[in-house]
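Note that ligands are numbered from 1 as they come in the structure, with each ligand's atoms numbered from 1 the same way. Bear in mind the structure is a predicted one, so any value in this text is a computation, not a measurement. Counting from 1, the numbers follow the sequence of the chain as shown.
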Amino acid sequence: MELTLSVIKADVGGYVGHSSSHPDVIQKAKEKLEHAQGKGLLIDHHVTVCGDDLQLIMTHQHGEDSEQIHKLAWDTFVECTNVAKSLKLHGAGQDLLADAFAGNVKGMGPGTAEMQFSERQAETIVIFMADKTASGAWNLPLYKIFADPFNTIGLVIASNMHSGFTFEVHDVKEHKKISFNAPEEIYDMLVFLGAPGRYAVKAVYHKESGEIAAVSSTQRLSLMAGRYIGKDDPVCIIRSQGKFPAVGEILEPFASPHIVEGWMRGSHHGPLMPVAVRESNPCRFDGPPRVVAAGFQLANGKLVGPRDLFDDPAFDEARHQANIMADFLRRMGPFEPHRLPLEEMEYTTMPEVAKKLAPRFQDI
Ligand code: 13P
Ligand code: 13P
Ligand code: MG
Ligand code: MG
């Protein structure tokens, strides 16, 4: 069965501050998608959150970039914003950059990851959702999952994965894309993936069959808006098992937290902490950044699940390590590399302060 899985997300208001989502906002989103499913637009849906980001997970048969599906998501975010405004939540409507829907939510603020595929006998899906970080945060885990045999033993010992995967990488500033084959071109590819502020993995394909394996949201809110709005708080869908990595291979990179940009005022480096959905409430210095993982089996488009995959004591040590990394970085206060370099900061007083002090600067 040909199916489209769409994950469309937005921050429509935080409760309290930017730390979490209000139940009334979530309830409104559920009602909207329930109604759309009743009318036959969706096969199934699941509404969830990561911190202050509202996540609409939808299955349907309208393909990627469907105007009907995007309009449903946009209208849902608008109605949820109205609920957020009535409760005077923080940053109500934060990610809705346009006044009215114009055919596709891309470029309008919400993040999207969509894939169309034909459902397998057993279709296992993992959806990652992050808060307090930027698109590009998936580069390191996607590399490990699909190209690193020390993470994914299937690359070595499973004959249907042994030929490797193809990575589609986007230059988010110049709006260009390029594909790399792994393992043959990993050294060339890592030159780019190692700079996640500029180059982000958009999709991964099974090399032999060309089938879609993963897709991520690569929207950069600050580049779209030309100013600081909030972080991208990206999502990523990965197909699992069979010719794709096993669930455990997909989760394994998060057992050793990596450092991403985001955290307080979107202007700091911090560890990405894997947590259960109920623990995705970034409070300490508005963080540290969080990632949740929802696992589903698809049955004729029905979302069987989710299993809250990081709700597992095996990730306790990663959370502990992330807290130690957070302590270590916080000690640096306003100094780089905890604080982002000037050109990467989402907002800064540098121009004002420099202007005020300009007369006091003397030639050396
Ligand atoms: P506000 O202006 O939205 O309060 O921005 C600061 C902030 O919320 C950082 O947490
Ligand atoms: P969000 O992008 O999650 O809204 O966070 C904004 C922020 O400034 C946190 O300090
Ligand atoms: Mg927010
Ligand atoms: Mg957020």
Side-chain angles (χ1 to χ4, degrees), residues 7-26 29 47-56 73 77-78 80-81 83-85 87-97 105 108-113 127-138 196-197 216-236 259-275 277-292 294 326 329-330 333-334 338-340 344-349:
V7 182
I8 306 187
K9 53 84 41 183
D11 177 342
V12 296
Y15 166 66
V16 169
H18 293 280
S19 69
S20 192
S21 301
H22 195 281
D24 292 0
V25 172
I26 302 169
V47 174
T48 188
V49 293
C50 181
D52 63 0
D53 289 272
L54 180 62
Q55 316 282 349
L56 311 180
F77 293 140
V78 168
C80 290
T81 295
V83 174
K85 282 183 176 159
L87 296 165
K88 297 185 76 173
L89 298 184
H90 184 66
Q94 173 175 295
D95 288 358
L96 306 189
L97 303 180
V105 295
M108 297 177 72
T112 65
I127 302 174
F128 290 112
M129 297 157 269
D131 190 28
K132 305 295 177 273
T133 189
S135 66
W138 309 125
S216 77
S217 63
T218 51
Q219 287 79 2
R220 294 299 313 259
L221 265 176
S222 59
L223 297 177
M224 280 189 256
R227 65 195 155 87
Y228 181 56
I229 297 287
K231 270 299 183 198
D232 312 319
D233 300 339
V235 293
C236 182
I259 290 179
V260 295
E261 67 167 72
W263 209 345
M264 174 57 76
R265 296 175 188 271
S267 301
H268 293 81
H269 283 122
L272 187 61
M273 182 188 272
V275 291
V277 173
R278 68 173 178 281
E279 290 180 337
S280 67
N281 309 299
C283 286
R284 181 187 177 189
F285 199 55
D286 286 3
R290 305 296 155 109
V291 55
V292 301
L329 285 163
R330 282 300 301 128
H338 178 31
R339 204 210 69 200
L340 297 186
E344 305 281 325
M345 275 206 298
E346 291 287 10
Y347 55 83
T348 172
T349 48

### Query
In D11, the N, O or S atom nearest to the Mg ion (ligand 3) is which?
OD2

### Query
Given that the side chain starts at C-beta and the backbone is N, CA, C, O, which of these parts of H18 lies under 4.0 Å from ligand 2, counting heavy atoms, or is it both or neither?
side chain

### Task
Nearest 0.5 Å please: distance from the NE2 atom of H269 over to the NE2 atom of H338.
10.5 Å

### Message
Can you name the atoms of ligand 2, numbered from 1 with element, that are less than 4.0 Å from a heavy atom of Q94?
### Response
1 (P), 2 (O), 4 (O)

### Summary
Of all N, O or S atoms in D131, the one closest to the Mg ion (ligand 4) is OD1

### Message
Rounded at 0.5 Å granularity, tell me how far OG in S216 sits from CH2 in W138.
### Response
8.5 Å

### Task
Report the distance from atom CZ of R265 to atom NZ of K132, rounding to the nearest 0.5 Å.
12.5 Å

### Task
Would you mind running through ligand 2 and noting each atom that sits below 4.0 Å from a heavy atom of W263?
9 (C), 10 (O)

### Task
Nearest 0.5 Å please: distance from the NZ atom of K9 over to the CG atom of D53.
4.0 Å

### Query
Which atoms from ligand 2 have a heavy atom of D233 less than 4.0 Å away?
1 (P), 2 (O), 3 (O)

### Pairwise side-chain contact, D131 with D11, heavy-atom cut-off 4.5 Å (strictly under)
no

### Query
Side chain, backbone, both or neither: which part of Y228 has a heavy atom under 4.0 Å from ligand 2?
side chain

### Message
Tell me which one of T218, V260, V291, T133 satisfies side chain to side chain contact (heavy atoms under 4.5 Å, CB included) with P234.
### Response
T133

### Summary
Exactly one of D95, L96, L97, T112 clears side chain to side chain contact (heavy atoms under 4.5 Å, CB included) with V105, and that residue is T112

### Query
Which N, O or S atom name in D53 marks its closest approach to the Mg ion (ligand 4)?
OD2

### Task
Would you tell me which option among R265, K132, R290, M264 has the nearest heavy-atom contact to atom 3 (O) of ligand 2?
K132

### Message
Can you confirm whether W263 sits close enough to P289 that some side-chain heavy atom of one is under 4.5 Å from a side-chain heavy atom of the other?
### Response
yes

#### Entry: Close-contact set for ligand 2 against D11 heavy atoms, below 4.0 Å
1 (P), 4 (O)

### Task
Report, in ascending order of atom number, the atoms of ligand 2 lying under 4.0 Å from any heavy atom of G230.
2 (O)

### Query
Strictly under 2.8 Å, is any N, O or S atom of H18 next to the Mg ion (ligand 3)?
yes

### Query
Do S135 and Q219 have a side chain donor and acceptor closer than 3.5 Å?
no

### Atom of D233 closest to the Mg ion (ligand 4), considering N, O or S atoms
OD2

### Task
Give a yes/no answer: is there an N/O/S atom of D52 under 2.8 Å from the Mg ion (ligand 3)?
yes

